[in-house]
Amino acid sequence: MTATRLLSAFLIVGSITGCATQASDGPEGGGGGKADDGNEAGLHVRAIVTELNEFSSIRWPEAVDEASDVDDVINAQLDFETITGEKLEDVKTRFDNGDMSGLASADFHVDGNVRNVLSLTIDLEWLAAYSSFYSEYKNFNSMTGEMVEITDLLTADKLPELAAELDAKLQARIAQIKADNREAIASGELDESMWAYLHVMPEHLASFSTSPEGITFHWRAGFPHAYQALEPNGEFVVSMVDLENYISADGLWAEEY
């Protein structure tokens, strides 16, 4: 589903053999991330890949900045165990023993590396009775390496107004889902109240990614597996133009306006 970018259940990394860990040839670009010609300067991100078996791997981000210690600050916050709750060595051991339950794969991409912010999305897959997918959204100050909060970019007092705008879009999406399922609702097969308490609130704006285009907010209804197909899209893209009235006058993006 688009609210949480779904990670493929089978990641094939043909250039790595065994349960080895190896850096990829170059760092991530994408979404404003820098391309690498082998002599990359400035803050960028490379992939550290650990192949678990023929079809599953862990692809983890590592910040690189040869000219400063910003990358060390960022990488301390990208600690694998802190984010996943499991040591990478333990994941490898489980797979070596044929037990693929728990964390089964990981991937990431760079959403943006512009306007003093490096934004990463880390996609995680767990295997149990059902496969489940979850994304972590990490935003770092590219000058200090510290975590960036939404209030470092946007005016705190205006977040309720922005949340209300996004909630109006959410309610329109819910209305469309109800219209598409009106027969099932009328027959009692679906309970219309399942959408009644879904709203975008100011606290939900804490989950976001930056990009060259603006900010994408990530909201989740959290429906159980059996009803995930009825979950409204929780991705809200807000352009820099539409963010103009929300930019903090003393934040990281103050010079944008």
Side-chain angles (χ1 to χ4, degrees), residues 3-5 27-34 40-47 60-84 106-124 134-163 165-166 200-220 234-257:
T4 303
R5 296 175 179 87
E28 287 291 302
K34 299 178 180 179
E40 180 67 21
L43 178 63
H44 54 278
V45 180
R46 67 174 179 172
W60 204 256
E62 180 181 75
V64 180
D65 188 349
E66 300 295 345
S68 77
D69 295 329
V70 169
D71 52 348
D72 295 330
V73 178
I74 292 174
N75 289 328
Q77 299 170 89
L78 290 174
D79 178 69
F80 181 86
E81 184 178 4
T82 300
I83 292 176
T84 68
D107 201 357
F108 78 94
H109 60 270
V110 177
D111 297 291
N113 190 9
V114 293
R115 303 188 192 92
N116 303 321
V117 182
L118 171 66
S119 290
L120 306 175
T121 296
I122 302 175
D123 298 309
L124 306 169
Y134 182 73
S135 293
E136 289 274 352
Y137 305 101
K138 301 295 184 181
N139 304 283
F140 303 99
N141 185 320
S142 57
M143 299 177 292
T144 67
E146 296 300 327
M147 196 75 73
V148 172
E149 307 294 340
I150 193 60
T151 50
D152 295 323
L153 306 177
L154 307 184
T155 303
D157 291 345
K158 292 187 176 181
L159 293 185
E161 179 183 345
L162 179 56
E165 290 187 13
L166 300 187
V200 178
M201 305 299 290
E203 56 266 28
H204 297 142
L205 303 185
S207 181
F208 69 96
S209 304
T210 71
S211 72
E213 292 73 30
I215 296 179
T216 299
F217 294 96
H218 310 282
W219 172 94
R220 291 194 67 189
E235 295 269 294
F236 300 96
V237 181
V238 185
S239 70
M240 290 301 295
V241 172
D242 291 335
L243 286 169
E244 181 175 358
N245 293 329
Y246 298 103
I247 300 294
S248 174
D250 57 358
L252 285 174
W253 286 0
E255 294 183 2
E256 294 296 321
Y257 294 99

>> If I take atom CG from residue Leu43 and atom CE from residue Met143, how far apart are they, to the nearest 0.5 angstrom?
In response: 11.5 Å

> For Asp157, what residues pass the side chain to side chain donor-acceptor pair (under 3.5 Å) criterion, not counting sequence neighbours?
Replying inline: none

> Which pair of non-hydrogen atoms, one from His44 and one from Asn113, has the smallest distance, and what is that distance?
Replying inline: CA-ND2, 4.4 Å

> Of all heavy-atom pairs between His218 and Ser209, which one has the smallest distance, and what is that distance?
Replying inline: NE2-OG, 2.8 Å

> Have His109 and Asp107 got a donor and an acceptor in their side chains that come within less than 3.5 Å?
Replying inline: no

> Are side-chain heavy atoms of Val73 and Phe140 found at a separation under 4.5 Å?
Replying inline: no

> For Thr151, what residues pass the side chain to side chain donor-acceptor pair (under 3.5 Å) criterion, not counting sequence neighbours?
Replying inline: none

> Is there side-chain contact between Trp253 and Met240, with at least one heavy-atom pair below 4.5 Å?
Replying inline: yes

>> Once side-chain hydrogen bond (donor to acceptor under 3.5 Å, both in side chains) is applied, what residue pairs with a partner in residues 138-149 remain, sequence neighbours excluded?
In response: Ser119-Asn139

> About how many Å separate CG of Leu78 and CD1 of Ile122, when rounded to the nearest 0.5 Å?
Replying inline: 5.5 Å

> Of all heavy-atom pairs between Tyr137 and Glu235, which one has the smallest distance, and what is that distance?
Replying inline: OH-OE2, 4.1 Å

> How long is the span from the CD1 atom in Ile74 to the CG atom in Leu120, to the nearest 0.5 Å?
Replying inline: 7.5 Å

>> Just verifying a value: how many Å separate Leu124 CG and Ser135 OG, rounded to the nearest 0.5 Å?
In response: 7.0 Å

> Just by modelled atom types, is the Val238 backbone N or O under 3.5 Å from a matching donor or acceptor in the Asp242 side chain?
Replying inline: no

>> Can you tell me how the ring of Trp219 sits relative to the ring of Phe236, calling it parallel under 30°, perpendicular over 60° and tilted otherwise?
In response: perpendicular

>> Under the rule for side chain to side chain donor-acceptor pair (under 3.5 Å), what residues qualify as partners of Asp69, not counting sequence neighbours?
In response: none

> Just how far is it from atom CZ of Phe80 to atom CD of Glu62, taken to the nearest 0.5 Å?
Replying inline: 14.0 Å

> Is any side-chain heavy atom of Thr210 less than 4.5 Å from a side-chain heavy atom of Val148?
Replying inline: no

> Taking it one step at a time, do Val200 and Phe217 satisfy side chain to side chain contact (heavy atoms under 4.5 Å, CB included)?
Replying inline: CA-CA 10 Å; Val200 178; Phe217 294 96; over 6 Å; no

> Looking only at heavy atoms, what is the nearest atom pair of Ala249 and Ala254, with distance?
Replying inline: O-CB, 3.2 Å

> Who pairs with Asn245 by side chain to side chain contact (heavy atoms under 4.5 Å, CB included), at least two apart in sequence or on another chain?
Replying inline: none

> Asp71 and Ser68: which non-hydrogen atoms are nearest, and at how many Å?
Replying inline: OD1-O, 3.2 Å

> Judged by atom type as modelled, is there a donor-acceptor pair below 3.5 Å linking the side chain of Asn75 to the main-chain atoms of Ala63?
Replying inline: yes

>> What's the separation between atom NZ in Lys158 and atom CG in Leu205, rounded to the nearest 0.5 Å?
In response: 14.5 Å

> Would a 4.5 Å heavy-atom cut-off, applied to side chains only, mark Ser248 and Leu154 as touching?
Replying inline: no

>> The criterion is side chain to side chain donor-acceptor pair (under 3.5 Å); which residues satisfy it with Asn116, sequence neighbours excluded?
In response: none

>> Quick check: closest heavy atoms across Asp111 and Pro212, and the distance to 0.1 Å?
In response: O-CD, 3.9 Å

> Are side-chain heavy atoms of Trp60 and Ile83 found at a separation under 4.5 Å?
Replying inline: yes

